[in-house]
Amino acid sequence: MVTNSRQMPRRAAGNLFVVSAPSGAGKTTLCKEIIDFFPGLRHSVSYTTRPPRSGEVAGKDYNFVSRDVFDLMVAEGAFVEWAEVHGNRYGTAIRTLDEAQSAGYDILLEIDCQGAAQIKKNYRQGVFIFILPPDFSELKRRLERRGTDSPEVIARRIENARDEVRESIWYDYLLVNDDFAEALEKFKSIVVAEHCRTAWVLGLVPAEFGLSNTTEKT
Ligand code: 5GP
């Protein structure tokens with residue numbers, strides 16, 4: 001059990017965790033638990049043109065904007081990545097990442113594979129995690145049980161899921177979310193393991209050790 005590593009060491013710049021999954025794989029619930037567990041880890045609030053679902057809070061779940069505002073932000077170069085997913089646009093603002101990272105927080109991005117691939121090009125130090133459902137029929141059951149989408153939207157999401165899971169092979173970690181508690185423990189272990197990396201720890205050890213941080217990825 002990962003129980004005593006919550007107070008992560010803070011450094012000048014935090015880690016970047018990028019999490020993708022087909023809808024219904026349990027990504028949002030897992031990420032929420034992870035963020036609640038690690039106080040030094042912040043959720044990146046994306047911009048989207050999708051209308052809010054019931055219960056979603058503007059500025060917390062997403063920054064909900066019109067298509068015009070979104071396109072203006074694209075034109076201004078405000079996004080580190082953006083993509084069209086299931087007919088709506090989603091993007092991560094450069095400012096969101098910079099603010100969290102310069103404050104020494106780790107940041108967690110819940111984004112689709114197209115966006116993750118864009119981040120991979122620009123942030124070599126990112127940690128890429130893909131959450132897989134046990135199988136497609138379970139994915140369909142979960143989407144139906146969630147009750148937030150129409151049958152047409154569910155069908156589209158399942159179709160997209162077939163393409164998305166093919167992308168999972170280039171991620172650093174694959175988490176199969178069959179048993180939720182087990183998947184959560186594994187996710188916590190990934191975060192803790194990333195804080196045991198030589199490059200990360202070298203930024204924290206006392207200067208008297210005489211270990212300069214030459215291995216840190218830039
Ligand atoms: P949902 O509408 O179900 O909240 O999200 C649909 C998809 O958009 C999910 O795969 C989610 O991870 C992705 N998504 C959310 N925010 C972003 C973002 O900022 N960029 C990209 N590329 N995808 C995002």
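Just so you know, ligand 1 is whichever comes first in the structure, and atom 1 is the first atom listed for that ligand.
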| task | Starting from atom 16 (N) of ligand 1, locate the nearest protein heavy atom and write down its residue, its atom name and how far away it is, to 0.1 Å. | result | S46 OG, 3.1 Å
| query | G91 near ligand 1, heavy-atom distance under 4.0 Å? | reply | yes
| Test of proximity, D112 against ligand 1: N or O pairs below 3.5 Å | yes
| Hey, is ligand 1 close enough to R146 that some N/O pair sits below 3.5 Å? | no
| field | Contact summary for G59 and N63, nearest pair of heavy atoms | value | CA-OD1, 3.5 Å
| query | Considering residues at least two apart in sequence or located in another chain, which fulfil the ring-ring contact (aromatic ring centres under 6.0 Å, His included) criterion with Y173? | reply | none
| A83 heavy atoms, cut-off 4.0 Å: which ligand 1 atoms fall inside? | 22 (N)
| Does ligand 1 have an atom that lies less than 4.0 angstrom from a heavy atom of R157? | yes
| Are F128 and F17 near enough that their ring centres are under 6.0 Å apart? | no
| query | Any idea which of V85, V153, T96, N88 brings a heavy atom closest to atom 7 (C) of ligand 1? | reply | V85
| said: Do T48 and R50 pair up side chain to side chain, a donor and an acceptor below 3.5 Å, judged on atom types alone? | reply: no
| message | Within the 3.5 Å criterion, strictly below it, is a donor on H86 or D112 matched to an acceptor on the partner's side chain? | response | no
| Just by distance, with hydrogens left out, do S137 and D135 show a side-chain donor and acceptor under 3.5 Å apart? | yes
| message | If I apply the N/O under 3.5 Å rule, does S23 come out as touching ligand 1? | response | no
| query | So is E110 in contact with ligand 1, going by heavy-atom distances below 4.0 Å? | reply | yes
| said: Could you report the tightest heavy-atom contact between I111 and A116, atom names first, then the distance? | reply: CD1-N, 3.5 Å
| field | Heavy-atom gap Y47 to ligand 1 smaller than 4.0 Å | value | no
| remark: ligand 1 to G115, heavy atom cutoff 4.0 Å, flagged ligand atoms 22 (N)
| field | Distance-only polar pair, side chains of S23 and R157, donor-acceptor under 3.5 Å | value | yes
| query | Does an N or O from K27, backbone or side chain, lie closer than 3.5 Å to an N or O of ligand 1? | reply | yes
| request: Compute the shortest N/O to N/O distance between R50 and ligand 1 and return yes if it is under 3.5 Å, no if not. | output: yes
| message | For ligand 1 and E81, I'd like to know whether there is a polar contact (N/O to N/O, distance under 3.5 Å). | response | yes
| remark: At under 4.0 Å between heavy atoms, what of R53 touches ligand 1? The answer is side chain
| Could you go step by step and tell me if L132 and L175 meet the side chain to side chain contact (heavy atoms under 4.5 Å, CB included) rule? | CA-CA 6 Å; L132 285 164; L175 276 181; over 6 Å; no
| field | Aromatic centroids of Y47 and F64 separated by under 6.0 Å | value | no
| What is the nearest protein non-hydrogen atom to atom 5 (O) of ligand 1, stated with its residue, atom name and distance? | Y62 OH, 3.4 Å
| request: Could you check atom 17 (C) of ligand 1 against the protein and tell me its nearest heavy-atom contact, residue, atom and distance included? | output: Y90 CB, 3.4 Å
| request: Examine K188 relative to F37 and say whether NZ or CZ is less than 6.0 Å from the centre of the six-membered ring and inside a 45° cone about the ring axis. | output: yes
